Amino acid sequence: METKKRLLTGMQSTGDLHIGNYFGALKPFVDTYKAYDSIIMVADLHALTSIRDASIMRQNILNVVRDYVAVGVDPKQAILFKQSDVPAHTELAWIFECLVSVPFLMQAHAYKDKVAKGIDASAGLFNYPMLMASDILLYDAEVVPVGEDQRQHIEYAREAGGKFNRAFGDTFVEPQEMIIKGVGIVAGTDGQKMSKSYKNTIPLFGTKDEVARAVMSIVTDSSGERPQNVYAIHQLFKNKAELEIVYEEHKGKYKNLKDALIEDIENVIAPMREKRESITDADIKDILKDGAEKANERAVRKMEVVRKKIGVTL
Ligand code: TYM
């Protein structure tokens with residue numbers, strides 16, 4: 001029997017999902033995960049770099065799982081777990097932190113961008129890429145579906161694994177990012193990368209009103225007949241030929257074009273929203289309990305090898 005390749009992906013539990021997460025990560029994942037031995041992780045410890053409220057943290061964790069299931073992930077066909085349930089992640093992160101240098105971590109875009117935006121950088125934020133490297137390498141993941149913004153983090157994981165392999169002998173496989181073509185970085189309402197921290201998102205599971213408000217706030221410079229920022233988002237929902245018709249018909253009428261975008265978003269989201277509402281907290285806790293058991297089994301096995309290699313097992 002042909003063995004499936006191992007795939008791992010993760011998402012921080014930092015709040016409500018936006019369409020950038022959906023098109024950048026969730027959709028490509030749902031379209032492909034069954035062809036792999038798939039592991040999905042809620043990156044709650046990564047989220048701790050920005051969340052300091054236990055009830056928000058709890059709610060967000062439940063929501064991420066609910067979102068994954070709502071967009072079409074079947075928990076029976078993948079391991080779905082949360083990072084904090086598997087202690088090996090932080091242990092392995094520490095080991096990598098002892099192998100990489102401070103200047104190397106200082107080059108991480110995510111860290112540099114946040115510092116440049118005046119967001120307070122904790123040591124956790126600085127070490128973030130090594131926790132992510134351990135998420136990936138702990139499970140020998142070969143394929144990592146992510147949005148373009150995470151590409152560098154996968155490079156960091158390769159580098160951390162390579163450093164370990166060179167120091168202690170072959171232990172980790174080399175992970176490869178899987179970035180879907182044509183999506184790359186989904187732009188937000190201001191044309192920058194859509195991101196919760198930039199407050200330029202269109203919610204994935206918002207009510208129609210919330211989606212409408214976000215779409216109406218898309219920045220348009222009143223030159224030209226096609227509002228670029230509207231079009232950039234619209235092309236995620238309709239193909240070029242279909243858009244040609246809409247944009248020709250409503251040439252220069254920004255309000256009409258935004259209304260058309262709202263309708264197109266609603267048509268995609270409504271069925272998923274309905275499914276999402278049917279998933280209870282109890283369902284989610286069961287899914288995570290089962291996932292934690294399976295993930296721990298694999299992680300513990302890998303850490304036995306790692307501990308022997310570094311010489312802490314006597
Ligand atoms: P996070 O939680 O910020 O985002 C989750 C996924 O959504 C993608 N994404 C986007 N894609 C395109 N355009 C956008 N505007 C956009 N915004 C978000 C992200 O690329 C990501 O794939 N560090 C990760 C979480 C993580 C992880 C992992 C991922 C932790 N450990 C191990 C993969 C493997 C993050 O912050 O993603």
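Here the structure is a predicted model, which is why all the values come from computation and not from measurement. Indexing begins at 1, ligand by ligand and atom by atom, following the structure's order. The first residue in the sequence is number 1, and the count goes up from there.
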Trainee: Taking 4.0 angstrom as the limit, do Lys5 and Asp140 come out as a salt bridge?
Mentor: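 So Lys5 does not pair with Asp140 through a salt bridge.
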
Trainee: Could you tell me whether Lys289 atom NZ has more than 12 heavy atoms of other residues or ligands within 6.0 Å of it?
Mentor: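 No, the 6.0 Å shell around NZ holds no more than 12 heavy atoms from other groups.
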
Trainee: I'd like to know if Gln83 contacts ligand 1, where contact means a heavy-atom distance under 4.0 Å to any ligand atom.
Mentor: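 No, that is not the case, since the closest heavy atom of the residue is not under 4.0 Å from the ligand.
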
Trainee: Using a 4.0 Å cut-off to any heavy atom of Gly24, which atoms of ligand 1 qualify?
Mentor: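 Every atom of ligand 1 under 4.0 Å from some heavy atom of Gly24: 11 (N), 12 (C).
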
Trainee: Quick one: does Lys196 get within less than 4.0 Å of ligand 1, heavy atoms only?
Mentor: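 No, Lys196 has no heavy atoms under 4.0 Å from ligand 1.
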
Trainee: Centroid-to-centroid, Tyr22 to Phe29, below 6.0 Å?
Mentor: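 Here the rings of Phe29 and Tyr22 have centres that are no less than 6.0 Å from each other.
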
Trainee: Show which atoms of ligand 1 fall inside a sub-4.0 Å distance from at least one heavy-atom site of Ile185.
Mentor: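 In order of number, 13 (N).
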
Trainee: Give a yes or no on whether a salt bridge exists between Asp281 and Arg66, defined as a side-chain N under 4.0 angstrom from a carboxylate O.
Mentor: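 Judged by the 4.0 Å cut-off on N to carboxylate O distance, Asp281 and Arg66 do form a salt bridge.
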
Trainee: With nothing but distance in play, are any N or O atoms of Gln12 less than 3.5 Å from an N or O of ligand 1?
Mentor: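 In this structure, Gln12 places an N or O atom under 3.5 Å from an N or O of ligand 1.
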
Trainee: Under 3.5 Å between any N/O of Glu148 and any N/O of ligand 1: does that happen in this structure?
Mentor: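 Between Glu148 and ligand 1, no N or O pair is found under 3.5 Å apart.
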
Trainee: Run the contact test for Phe23 against ligand 1 with a 4.0 Å cut-off on heavy atoms, strictly below, and give the result.
Mentor: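 Phe23 does not count as a contact of ligand 1 under the 4.0 Å cut-off.
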
Trainee: Please determine if Glu304 and Arg307 form a salt bridge, counting it only when a charged side-chain N lies under 4.0 Å from a carboxylate O.
Mentor: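 No, this pair does not count.
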
Trainee: Is Lys238 salt-bridged to Glu244, cutoff N-O under 4.0 Å?
Mentor: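 Result for this pair is no, no salt bridge flagged.
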
Trainee: Before signing off on this row, confirm whether Tyr128 and ligand 1 have an N or O atom pair separated by under 3.5 Å.
Mentor: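 There is such a contact, yes.
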
Trainee: Does an N or O from Ser195, backbone or side chain, lie closer than 3.5 Å to an N or O of ligand 1?
Mentor: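 No; the residue has no nitrogen or oxygen that sits under 3.5 Å from a nitrogen or oxygen of the ligand.
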
Trainee: Check this for me, if you would: do Arg151 and Glu177 make a salt bridge, where the nitrogen-to-carboxylate-oxygen distance has to be below 4.0 angstrom?
Mentor: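 Answer for the salt bridge query: yes.
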
Trainee: N/O to N/O below 3.5 Å, does that happen between Gly147 and ligand 1?
Mentor: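 The answer is yes, given that Gly147 and ligand 1 share an N or O pair closer than 3.5 Å.
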
Trainee: Of all the atoms in ligand 1, which lie at a distance below 4.0 Å from a heavy atom belonging to Met194?
Mentor: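 What qualifies from ligand 1 is 14 (C), 15 (N), 17 (N).
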
Trainee: At a 4.0 Å threshold, what atoms of ligand 1 neighbour a non-hydrogen atom of Val144?
Mentor: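 Answer, ordered by atom number: 33 (C), 34 (C).
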
Trainee: Under 4.0 Å from ligand 1, counting heavy atoms only, is it the side chain of Met11, its backbone, both or neither?
Mentor: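 Under 4.0 Å from ligand 1, Met11 contributes backbone and side-chain atoms.
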
Trainee: Using a strict cut-off of less than 4.0 Å between a Lys/Arg side-chain nitrogen and an Asp/Glu carboxylate oxygen, indicate whether Lys193 and Glu148 qualify as a salt bridge.
Mentor: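 Looking at Glu148 together with Lys193, the answer is no, because their closest N to O distance does not fall below 4.0 Å.
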
Trainee: Could you tell me if Lys117 sits above the aromatic ring of Tyr198, with its cationic atom closer than 6.0 Å to the ring centre and no more than 45 degrees from the axis?
Mentor: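 The answer is yes, since Lys117 meets both limits relative to Tyr198.
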
Trainee: Could you list the atoms of ligand 1 found under 4.0 angstrom from a heavy atom of Lys193?
Mentor: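 The list of qualifying atoms is 15 (N).
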
Trainee: How does Val146 reach ligand 1, if at all, at less than 4.0 Å between non-hydrogen atoms: by side chain, backbone, both, or neither?
Mentor: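 For Val146, the contact with ligand 1 is made by both the backbone and the side chain.
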
Trainee: What residue among Lys196, Lys27, Met194 forms side-chain contact (heavy atoms from CB on, under 4.5 Å) with Asn21?
Mentor: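 Going through the options one by one, the only one that passes is Lys196.
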
Trainee: Quick one: which ligand 1 atoms are inside 4.0 Å of a heavy atom on His18?
Mentor: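 Taking each heavy atom of His18 in turn, ligand 1 has 17 (N) under 4.0 Å.
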
Trainee: Which atoms of ligand 1 are found less than 4.0 Å from any heavy atom of His46?
Mentor: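 Selected atoms, number and element: 30 (C), 31 (N).
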
Trainee: At under 4.0 Å between heavy atoms, is it the side chain or the backbone of Asn21 that contacts ligand 1, or both, or neither?
Mentor: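 Both backbone and side chain of Asn21 come within 4.0 Å of ligand 1.
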
Trainee: So, are Asp259 and Lys255 salt-bridged, with charged N and O less than 4.0 Å apart?
Mentor: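 A salt bridge is present here (some side-chain N lies under 4.0 Å from a carboxylate O).
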
Trainee: Can Lys163 be said to sit on top of Phe104's aromatic six-ring, NZ or CZ under 6.0 Å from centre and within 45° of the ring axis?
Mentor: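 So Lys163 does make the cation-pi contact.
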
Trainee: Using a 4.0 Å cut-off to any heavy atom of Leu8, which atoms of ligand 1 qualify?
Mentor: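 Matching atoms, with element in brackets: 32 (C), 34 (C).
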
